[in-house]
*Asks:* 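Below are the structure tokens for one structure; questions will follow.
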Amino acid sequence: MSELWLIRHGQSVSNAGLPTGHPSRSALTDVGRKQAVLAAQALPWAPERLAVSPFSRAMETARPAMDRFPDVPVAVEAVQEFTYLGLESYQGTTREMRRPMIDDYWARCDPLHRQGEGAETFAELVLRVEDFFCRHVDGPDIPPGLTVVYSHGQFIRAVLLRFFGGIGADFAADPQAMARFRGFRPAFAVANASIVRLTPGPKRRVGAFDVSHLPPHLVTH
């Protein structure tokens with residue numbers, strides 16, 4: 001049997017509405033660090049492996065699990081957040097300050113559009129998701145046992161939309177696929193440190209976004 005848990009990182013300074021710098025280096029808040037500890041405690045047994053985004057907020061969130069299970073192998077994988085704005089857009093800005101650029105990006109609905117230097121296109125995100133899906137969900141070499149992946153809200157949503165057939169490598173450059181993801185994003189809130197449990201393979205199943213390990217005052221988005 002194989003089991004896959006997707007855990008979103010804890011609350012970051014950007015999630016808290018504070019100014020950011022480079023998007024890969026947005027640190028956790030005190031709340032986010034508490035969420036990370038509780039997410040690690042929610043693991044019922046030692047997983048066979050941990051996979052972690054290279055972004056610092058996901059690394060920080062995974063740290064309590066690494067400390068709890070020091071013998072579990074850890075791999076850094078390309079499950080980082082979808083960073084669709086140019087890197088200069090993040091310097092000293094909050095999400096609300098970036099809102100006009102965000103709205104413009106999604107209004108274009110162009111999967112090949114690169115907004116600025118260091119930005120990822122939607123088509124590139126879809127291909128990253130496809131690679132992840134083939135390795136962990138629906139490929140010939142799905143590893144046995146429990147795999148726990150520390151990732152990000154938009155990447156997790158994209159994995160779920162791929163699960164439901166809404167995006168895929170064959171139509172990565174299709175504006176309709178991007179439009180589906182644009183509508184999917186607000187429909188599925190992914191709380192910080194929430195857990196999505198997924199059963200890979202031919203009879204694959206997916207559960208709800210679970211925050212039962214978090215007390216109500218620590219549930220943030």
*Asks:* Using modelled atom types and a 3.5 Å cut-off, is there a donor and acceptor pairing between side-chain atoms of R182 and backbone atoms of W106?
*Replies:*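 Here the side-chain-to-backbone pair exists.
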*Asks:* Go through the steps to decide whether S56 and R25 satisfy the test side chain to side chain donor-acceptor pair (under 3.5 Å), and finish with yes or no.
*Replies:* CA-CA 5 Å; S56 60; R25 295 193 290 269; over 6 Å; no
*Asks:* How many angstroms lie between OG1 in T83 and CD in Q154, if you round to the nearest 0.5 Å?
*Replies:*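 Between atom OG1 of T83 and atom CD of Q154 there are 8.5 Å.
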*Asks:* Sequence neighbours left out, what passes ring pair (Phe, Tyr, Trp, His ring centres under 6.0 Å) with F188? Give chain and number order.
*Replies:*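 F188 satisfies ring pair (Phe, Tyr, Trp, His ring centres under 6.0 Å) with F184 only.
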*Asks:* Are side-chain heavy atoms of E48 and P143 found at a separation under 4.5 Å?
*Replies:*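 No, too far: nothing below the 4.5 Å cut-off.
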*Asks:* Counting N and O atoms only, with roles assigned by atom type, does the side chain of N15 sit under 3.5 Å from a partner on the main chain of S12, one being a donor and the other an acceptor?
*Replies:*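 Yes; judged by distance alone, with no hydrogens or angles, the pair exists.
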*Asks:* Are the side chains of P215 and L38 in contact, using a 4.5 Å heavy-atom criterion?
*Replies:*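 Yes, close enough: below the 4.5 Å cut-off.
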*Asks:* One pair to check against salt bridge (Lys or Arg N to Asp or Glu O under 4.0 Å): R57 and E81. What are the steps and the verdict?
*Replies:* CA-CA 10 Å; R57 55 193 182 274; E81 185 58 293; 5.0 Å; no
*Asks:* Quick one: does any side-chain atom of R114 pair with a main-chain N or O of A119 as donor and acceptor, under 3.5 Å?
*Replies:*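 Yes; at least one donor-acceptor contact below 3.5 Å.
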*Asks:* Which distance, rounded to the nearest 0.5 Å, do you find between the CD1 of I195 and the CZ of R8?
*Replies:*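 Here the interatomic distance stands at 13.5 Å.
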*Asks:* Would the distance check show the side chain of T147 and the main-chain N or O of R49 forming a donor-acceptor pair, the cut-off being under 3.5 Å?
*Replies:*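 Flag not set: sc T147 to bb R49 has no pair under 3.5 Å.
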*Asks:* Name every donor-acceptor pair, under 3.5 Å, that has one atom in a side chain of residues 165-181 and the other anywhere in the protein, sequence neighbours excluded.
*Replies:*
unit_1	atom_1	unit_2	atom_2	d
D174	OD1	Q176	N	2.9
R180	NE	G166	O	2.8
R180	NH2	G166	O	3.1

*Asks:* After noting the C-alpha distance and the side-chain angles of S53 and H152, does the key distance pass the side chain to side chain donor-acceptor pair (under 3.5 Å) rule?
*Replies:* CA-CA 8 Å; S53 155; H152 304 259; 2.8 Å; yes
*Asks:* Of D30, T29, N192, which meets side chain to side chain donor-acceptor pair (under 3.5 Å) against Q11?
*Replies:*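 Among D30, T29, N192, the one meeting side chain to side chain donor-acceptor pair (under 3.5 Å) with Q11 is T29.
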*Asks:* Could you tell me whether E130 and R162 have a side-chain N and a carboxylate O separated by less than 4.0 Å?
*Replies:*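 R162 and E130: salt-bridged.
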*Asks:* If we check side-chain contact (heavy atoms from CB on, under 4.5 Å) with T93, which of these qualifies: R99, E88, R98?
*Replies:*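 Exactly one candidate clears the test, R98.
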*Asks:* Has R63 got more than 12 heavy atoms of other residues, nucleotides or ligands less than 6.0 Å from its CZ?
*Replies:*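 Check fails, neighbour count at 12 or below.
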*Asks:* Would you give the length of the straight line joining atom CG of L85 to atom CG of D104, rounded to the nearest 0.5 angstrom?
*Replies:*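 Output value for this atom pair is 9.5 Å.
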*Asks:* Report the distance from atom OH of Y84 to atom CD of E120, rounding to the nearest 0.5 Å.
*Replies:*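 Rounded to the nearest 0.5 Å, the OH-CD separation comes out at 12.0 Å.
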*Asks:* Using a 6.0 Å cut-off, check whether atom CD of Q91 has over 12 heavy atoms from anything other than its own residue.
*Replies:*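 Atom CD in Q91 is crowded, with more than 12 foreign heavy atoms closer than 6.0 Å.
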*Asks:* Under the 3.5 angstrom rule, does the side chain of R95 hit a backbone N or O of S14 as a donor-acceptor pair?
*Replies:*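 Checked: no pair found.
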*Asks:* Mind checking whether R157 and F82 have side chains closer than 4.5 Å, heavy atoms only?
*Replies:*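 Of all side-chain heavy-atom pairs linking F82 with R157, none is under 4.5 Å.
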